[in-house]
J.: 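The structure under discussion is supplied below as C-alpha cells; questions concerning it will follow.
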Amino acid sequence: MRARMAMVLGAALTALALGAPPASADPDNPPDFKAPFECGQTWEMYTRDGHGGNETEDQQQLDMERVGGETEGSAVLAAADGEVYWEVSGGDDGSRIGINIKHDGGWFSQYLHMSEYVEVGTKVKQGDRIGTASNAGTTVPHLHYQEMYDSDGDGSGEENELVYPYLEGKEYRITPEDGRVSLTSTNNCDGSGDPGDPGEPEPEPEKTKLAYTGDTSLAGGDPAELSAVLTEEESGNPVADQKVSFTLGADDSAQACEGTTDAEGTATCTIEEVDQPLTDDATVPVTAAFAGDDAYEPSEAPATLDLRYVTGRAYGLSAEVPLPLIPIGIDPTPDTGAVRTADAGTTDAGCAEQIEAIVLSAGPLCADVVTKTGPNSSTATATVADARIGLTGLPVVEVTGLTAESSSTCSASKGSVGLTLSIGGTPVEIPDTPNHSIDLGAGAKLVVNEQIPVEGADQGLTVNAVHLTALGGADVVLGSSTSGAFNC
C-alpha cells in the first residue's frame, strides 16, 4: 500500500469544498496519473521542508518548472479524468490560485499558481487543458502539484490525506536534498484530450437581432407565410444557416413551423391552414425565435398580425309607424342578429309565417347569413313572399317574391334585389340599378334596392329591398341584408 501522511496545507491555502455524493474508497488503486503538462514537455520537480507531511520525512507536495521553455503561460493539463471539485485560495490577499480535481475511488489532485483555470463543476478528461501556469500567489512562476486520498471514504474531501505523488507510472518520494528531478510527460500524446484554453477565454457569442418580415394579415383556412431576418446586432451582417422557429397564436391555438436562414439572413416557413380564434381586436400574435449557439446569442421578434373576418346580418321586416292611437313598432323579424366571424358557418334566423299590424302585413319572411373561408366571404339573404303596406293618405304598396342579398369578400361587395312591385294597384317596373326612388306624394318616399356602404369595412354593403319613409316618422323596411369584410 502506498504510504500516506496527514495533509499539511500552509495557513495561506484554504480549500473551498462543495457537497457531492460519496465516492467509493479505493486506496490501493490510484488513477493512472499522467504529468500535468503537455505531451513531450520536460519539467523539473522539487520540494522543500514543510511542503507536506511532517518535517522529518519525505515531502509529498511538489513544485514544477518547465525545462526549455517558459513556465509562465504554459498549459496545465488534468492528470486524470475527474470533476473540478474545489477552488483554492492563497497568497496574502486570499485570491483564488488554483483548483482540486476529484477522481474516482476517493482520489484528488491539486494544481496551484494558475492565472486562469476552469470552473468548479467542470467535467474533465485526462489531458484536458485546465489552466495556465503563472506566479499567482507566489513570486516565482511554477506549478504546485499534489495528490490526496479521502481517508474517511465518503468522497467529500473533508478528511484528505496527502500521498506521495504517482506520475507516469512511478511513485515520487522527493526530498529537499534530492534537488530537481526531471519528468517528461506522456499526457494526451494521442491528441484525444480537449486542448481548451482557459488562459484565453472563448470569444463571447455575437449578439443577434431578429426582425419579423412575413404576412401581416391572415385569413382563416388560408395558408400564411411567416418569415424573419436574422442579423448580427452590431454589424447588421446577415446570419445564414440558422434555424428560426415561428409560433402563430398562443396556448391551445398555437401553430408552429420552422425555417432556415439563407445568405440574406431570411428564414421562411408556411402555416398550411390558419386556424385562429377571432378576438375583440381581431389580431393574432406571432413570435419568431432564434435559439442561439456557441457563436451567436439567442434573439426573438414578436409581432401582431391582423386576422381577416367578415360580418353579416339579415332580417325580413322592421317598422315604426307612429299612429295616433296605436303606434306600431316592429323590431327586425326574423333577425339573424349581428354575425362576426373568421370561420365558415351558417346563421339561420328561420322564418316568420305572418306579421299583421293594422296598416301592414307580410309573410312568410326568412333570413340567414352564410360565411366561408379560403377566401373569407359573407352572404346575407332576406326573403319576403308577400307584403302589403297601407298607410293613411298614401297609395297601397304591394310586394311579392322579394329577395335581398348582400355579399362581401376582401375583393368586392355586391348587392341584388328581386321583387314584383305594385303601387295603388298599378304594376311598377323597377330598373336594375340601386337606390331607385319613387315619390308616393304627401312627403312619402319609397326606395327600392337601397344600397348603403358599411362604415369601417374594407368591403361592405347593406341592401334594403324596400324602404318606405313618410312624414311624421313612419319608417318601414322590407328585406334587409348586410355583409362586410375587414382586415383585408
Side-chain angles (χ1 to χ4, degrees), residues 312-338 349 351-367 380-406 413-455 460-484:
R313 184 184 185 185
Y315 62 87
L317 166 71
S318 69
E320 290 291 334
V321 182
L323 296 178
L325 297 178
I326 307 175
I328 297 172
I330 302 173
D331 291 335
T333 305
D335 185 10
T336 63
C351 297
E353 286 301 317
Q354 190 69 27
I355 296 175
E356 297 286 348
I358 305 177
V359 297
L360 63 85
S361 64
L365 311 93
C366 304
T381 306
T383 61
V384 180
D386 294 282
R388 183 179 186 277
I389 306 171
L391 299 183
T392 303
L394 297 179
V396 174
V397 175
E398 293 180 294
V399 176
T400 59
L402 179 152
T403 299
E405 185 175 280
S406 173
S413 289
K414 63 180 180 179
S416 65
V417 168
L419 56 81
T420 299
L421 172 68
S422 68
I423 299 175
T426 301
V428 177
E429 291 291 331
I430 305 299
D432 190 20
T433 56
N435 301 309
H436 178 65
S437 180
I438 301 172
D439 187 355
L440 298 178
K445 181 175 68 171
L446 186 71
V447 180
V448 180
N449 193 11
E450 181 179 51
Q451 297 191 7
I452 305 167
V454 174
E455 185 177 353
L461 194 64
T462 294
V463 176
N464 296 319
V466 174
H467 188 185
L468 187 153
T469 57
L471 294 177
D475 193 312
V476 179
V477 174
L478 289 174
S480 180
S481 58
T482 300
S483 63

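Every value quoted in this text rests on a predicted model; they were computed, and no experiment measured them.
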J.: Identify the two heavy atoms, one from P332 and one from Y315, that lie closest to each other, and give their separation to 0.1 Å.
T.: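 The answer is CB-CG, 3.5 Å.
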
J.: Hey, what do you get for CG (D386) to CD (Q354), rounding to the nearest 0.5 Å?
T.: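 These two atoms lie 8.0 Å from each other.
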
J.: Give, for atom CG of L394 and atom NZ of K445, the distance between the pair rounded to the nearest 0.5 Å.
T.: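 Taking CG in L394 and NZ in K445, the distance rounds to 14.0 Å.
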
J.: Going by the side chain to side chain contact (heavy atoms under 4.5 Å, CB included) test, name the single residue among V476, V384, V466 that passes it with L317.
T.: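 That would be V476; it is the only one of V476, V384, V466 passing the side chain to side chain contact (heavy atoms under 4.5 Å, CB included) with L317.
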
J.: Are a donor atom and an acceptor atom from the side chains of S406 and S483 found within less than 3.5 Å of each other?
T.: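 S406 vs S483: donor-acceptor pair found between side chains.
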
J.: Which atoms form the tightest heavy-atom contact between A404 and G479, and what is the distance?
T.: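 Of all heavy-atom pairs spanning A404 and G479, the closest is CB-O, 3.5 Å.
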
J.: Which atom pair, heavy atoms only, marks the closest approach of G472 to P322?
T.: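 Minimum heavy-atom separation between G472 and P322: O-CG, 3.0 Å.
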
J.: Can you tell me how far CG of L323 sits from CG of L325, rounded to the nearest 0.5 angstrom?
T.: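 It comes to 8.5 Å.
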
J.: How many angstroms lie between CD1 in I389 and CD1 in I423, if you round to the nearest 0.5 Å?
T.: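 Rounded to the nearest 0.5 Å, the CD1-CD1 separation comes to 10.0 Å.
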
J.: At what distance, to the nearest 0.5 angstrom, does CD of E405 lie from OG of S481?
T.: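 These two atoms lie 7.0 Å from each other.
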
J.: Please say which of L446, T400, L402 ends up in a side chain to side chain contact (heavy atoms under 4.5 Å, CB included) with L421.
T.: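 In the set L446, T400, L402, the residue that makes a side chain to side chain contact (heavy atoms under 4.5 Å, CB included) with L421 is L446.
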
J.: According to the side-chain hydrogen bond (donor to acceptor under 3.5 Å, both in side chains) rule, which pairs have a member within residues 461-472, sequence neighbours left out?
T.: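 Only E450-N464, E450-H467, T462-T482, N464-S480, H467-D475 qualify under side-chain hydrogen bond (donor to acceptor under 3.5 Å, both in side chains).
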
J.: Would you give the length of the straight line joining atom CG of L478 to atom CG of L365, rounded to the nearest 0.5 angstrom?
T.: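 Between atom CG of L478 and atom CG of L365 there are 8.0 Å.
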
J.: Taking all non-hydrogen atoms of both residues into account, name the closest pair between A314 and A380 and its distance.
T.: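 Minimum heavy-atom separation between A314 and A380: CB-CB, 4.2 Å.
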
J.: Closest approach of Q451 and G415, non-hydrogen atoms and distance?
T.: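 The answer is NE2-O, 3.4 Å.
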
J.: Any pair with a residue in residues 328-338 that passes side-chain hydrogen bond (donor to acceptor under 3.5 Å, both in side chains), sequence neighbours left out, goes on the list, sorted by first then second residue, please.
T.: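 Residue pairs passing side-chain hydrogen bond (donor to acceptor under 3.5 Å, both in side chains), neighbours aside: R313-D335.
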
J.: Taking P427's backbone N and O only, do any of them form a donor-acceptor pair with S422's side chain (distance below 3.5 Å, no angle check)?
T.: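 Looks like no, no N/O pair under 3.5 Å.
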
